[in-house]
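Shown next, in C-alpha cells, is the structure this report addresses.
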Amino acid sequence: MPELPEVETVRRGLEPVLAGAAFAEVVQRRKALRFPLPENFAQRLTGRRVERLERRAKYLLATLDNGEVLAMHLGMSGRFTIQRPGANAQRPGEFLHEAGGSSAHDHVEFIMSNGVVVRYNDVRRFGFMALLPGDELATHKLFCALGPEPLGPAFTPQYLAQTLSNKRTSLKAALLDQRIVAGLGNIYVCEALHRARLSPRRQAGSLTTKSGRPGARASRLVPAIKGVLEDAILAGGSTLRDYRAIDGALGYFQHSFAVYARLGQRCPRDGCKGIVSKIVQGGRSTFFCPQCQR
DNA sequence: AAGAACTCCTGTTGGC
DNA sequence: TGCCAACAGGAGTTCT
C-alpha cells in the first residue's frame, strides 16, 4: 500500500509522539507478520527510549537508546494509529482507532511512557518489523542493496542513465526495483512516467544515449520523479482504500492523479487528446497515456 | 545472471 | 441477492 510519500507522512505523524518517549509496554498479538517478529520482541523493547524516527525507502527506522534500530515496513496494508491519553469518546467522523481500543488486525501495540498508544494494524500482514544493531544497518540484507533515495542528491539523471544502461526490462519494472531507486511504488511510477512523457513499456536501457550520457529522457524523468513525490508528500500521500495518516487524516494526492486508476479518462496534459490506458506489467496494473507517453 | 512468474494474506469490487 | 473471479499501495523466493 504505502509508497514513499505515505510512509513519510506516517513518519511525520509518529515522530512527535515516539521521539523522546520510552516503550512502557509492548503487546504482541501474533508471532509473525510477513516474517517472524524478533525473538523476545516485547522484552527487548520495553524500557527502551526512542531517540529518533527516520525513514529509508519505505522503511520507518526508530533508533533506540541502546543503539538498536527498530525497522518497520508497512507492506501493502500496514498502518499505524495512535490513541492519545484520555481520548476515549469517539467524536463524529473520527477515525475508529482514535476512539481507543484495539480491533481486528491490530497485531502490535506500543504503550509509550507519555501515555500514547501506538497500534500497528495490517490486514494482509505483508508488513514486518526487525530489531537490528544500528551499526549493522547499512550491511543488513534488507538495506545493503537499496538504491538511493529518490529525493536525495545522489539520485541524478547521470546516476539513473548509468544504472539503467543495458537493462532490457521495461522502464516501469526498473523503477519499481528498489535496488535502482528506493521508495517508488506502483502509483508514483505511473505518475512520474506520465509527467516525463515516457512510455512504461520503453526498454529501461533506452534512457542512456550512445555516449553514455543521461540524455533528454533521463533528464526529464528524474525531476518528474522528484516532483511527483514532493507534491504527494505535501498532500499527505494518496488514500485509495484505507490508507490514513496516523491521526486518521486522509491523504489527498489521489485527486491529483493524472493516470493512475483513471482508465478511459482523458489525458490531463494540455493539448493531449489521449485516453488513459491500462496494461499489466509484471502482474501489476500500469496506467498511462499512449498518446503523449513515448 | 537477468528478468519474469509465483507467493504470502485478507478484504472489496464488479460482472453474471 | 448471491457467488466467484479478479484485483489491491510490496517484495522475497523460485523458476526459466
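Chain naming here is simple, since letters A, B, ... match the order of the sequence lines and numbering starts at 1 in each.
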Using atom C1' of each nucleotide, how far apart are C:dA11 and B:dT12 to the nearest Å? 22 Å
When the distance from CD1 of A:I233 to P of C:dG9 is rounded to whole Å, what number comes out? 19 Å
Using atom CG of A:D122 as one end and atom C1' of C:dG9 as the other, report the distance to the nearest whole Å. 12 Å
Run the side-chain contact (heavy atoms from CB on, under 4.5 Å) test against A:F126 and tell me which residues pass, sequence neighbours left out. A:M76, A:R124
Any salt bridge between A:E54 and A:R52, counting N to O under 4.0 Å? yes
side-chain contact (heavy atoms from CB on, under 4.5 Å) with A:T46: which residues, sequence neighbours excluded? A:V26
Interatomic distance, A:Q178 CD vs C:dG10 P [rounded to whole Å]: 8 Å
Could you state the atom-to-atom distance from CD1 of A:I187 to P of C:dC7 in whole Å? 17 Å
Please determine if a side-chain N or O atom of A:S285 lies less than 4.0 Å away from the OP1 or OP2 oxygen of C:dA8. yes
Does the ring of A:F126 lie flat against the base of C:dA11, closer than 5.5 Å centre to centre with planes under 30°? no
Give the minimum heavy-atom separation between A:K167 and A:Q203, together with the two atoms involved. O-CG, 3.6 Å
Phosphate contact (C:dG9 OP1 or OP2) by A:R124 side-chain N/O below 4.0 Å: no
Rounded to the nearest Å, what distance is computed from the NE2 atom of residue A:H73 to the C1' atom of nucleotide C:dA11? 7 Å
Nt span of DNA chain B in reach of chain A heavy atoms at under 4.0 Å, 5' end first, is B:dG3 to B:dG11
Return all side-chain donor-acceptor pairs below 3.5 angstrom for residues 175-183 of chain A, not counting sequence neighbours, or 'none' if the list is empty.
| unit_1 | atom_1 | unit_2 | atom_2 | d |
| --- | --- | --- | --- | --- |
| A:D177 | OD1 | A:R179 | N | 2.9 |
| A:D177 | OD1 | A:R179 | NE | 3.1 |
| A:D177 | OD2 | A:R179 | NE | 3.4 |
| A:D177 | OD2 | A:R179 | NH2 | 2.9 |
| A:Q178 | OE1 | A:G183 | N | 2.8 |
| A:Q178 | NE2 | A:L176 | O | 3.1 |
| A:Q178 | NE2 | A:L184 | O | 2.9 |

Roughly how many Å is it from CZ in A:F128 to P in C:dG10, rounded to a whole number? 13 Å
Could you pick out which residue, A:N166 or A:V123, lies toward the 5' side of DNA chain B when each is mapped onto its nearest nucleotide? A:N166
DNA chain C in dot-bracket form (Watson-Crick or G-U pairs under 3.5 Å, [ ] crossing, | inter-strand) is .|||||||.|||||||
Given 3.5 Å as the limit, does a donor-acceptor pair link the side chain of A:N114 with the main chain of A:V17, or not? yes
If you look at every strand shown and take non-hydrogen atoms under 4.0 Å, does A:R34 touch a base, only sugar-phosphate, or nothing? base
Tested for side chain to side chain contact (heavy atoms under 4.5 Å, CB included) against A:F110, the lone hit among A:V116, A:L45, A:V117 is A:L45
Would you say a side-chain N or O of A:K58 is under 4.0 Å from OP1 or OP2 of C:dA11? yes
Could you list who else is in A:Y59's hydrophobic cluster, with ILVMFWY side chains joined at under 4.5 Å, directly or through other members? A:F35, A:L61, A:V69, A:F128, A:L132, A:L137, A:L142, A:F143, A:L146
Report yes or no: does A:R11 contribute a side-chain atom to a donor-acceptor pair with the main-chain N or O of A:L53 at less than 3.5 Å? yes
Candidate nucleotides C:dG9, C:dA11, C:dA8, ranked by approach to the side chain of A:K278 - the nearest: C:dA8
Under 4.0 Å between a side-chain nitrogen and a carboxylate oxygen: does that hold for A:R48 and A:E68? no
Separation of C:dG10 atom P from A:I180 atom CD1, nearest Å, is 15 Å
Find which nucleotide of DNA chain C each of A:Y59 and A:V280 is nearest to by heavy atoms, and output the residue with the more 5' nucleotide. A:V280
Which whole number of Å gives the distance between the P atom of B:dC9 and that of C:dT14? 15 Å
Gap between atoms CG and C1', on A:L33 and C:dG10 respectively (whole Å): 14 Å
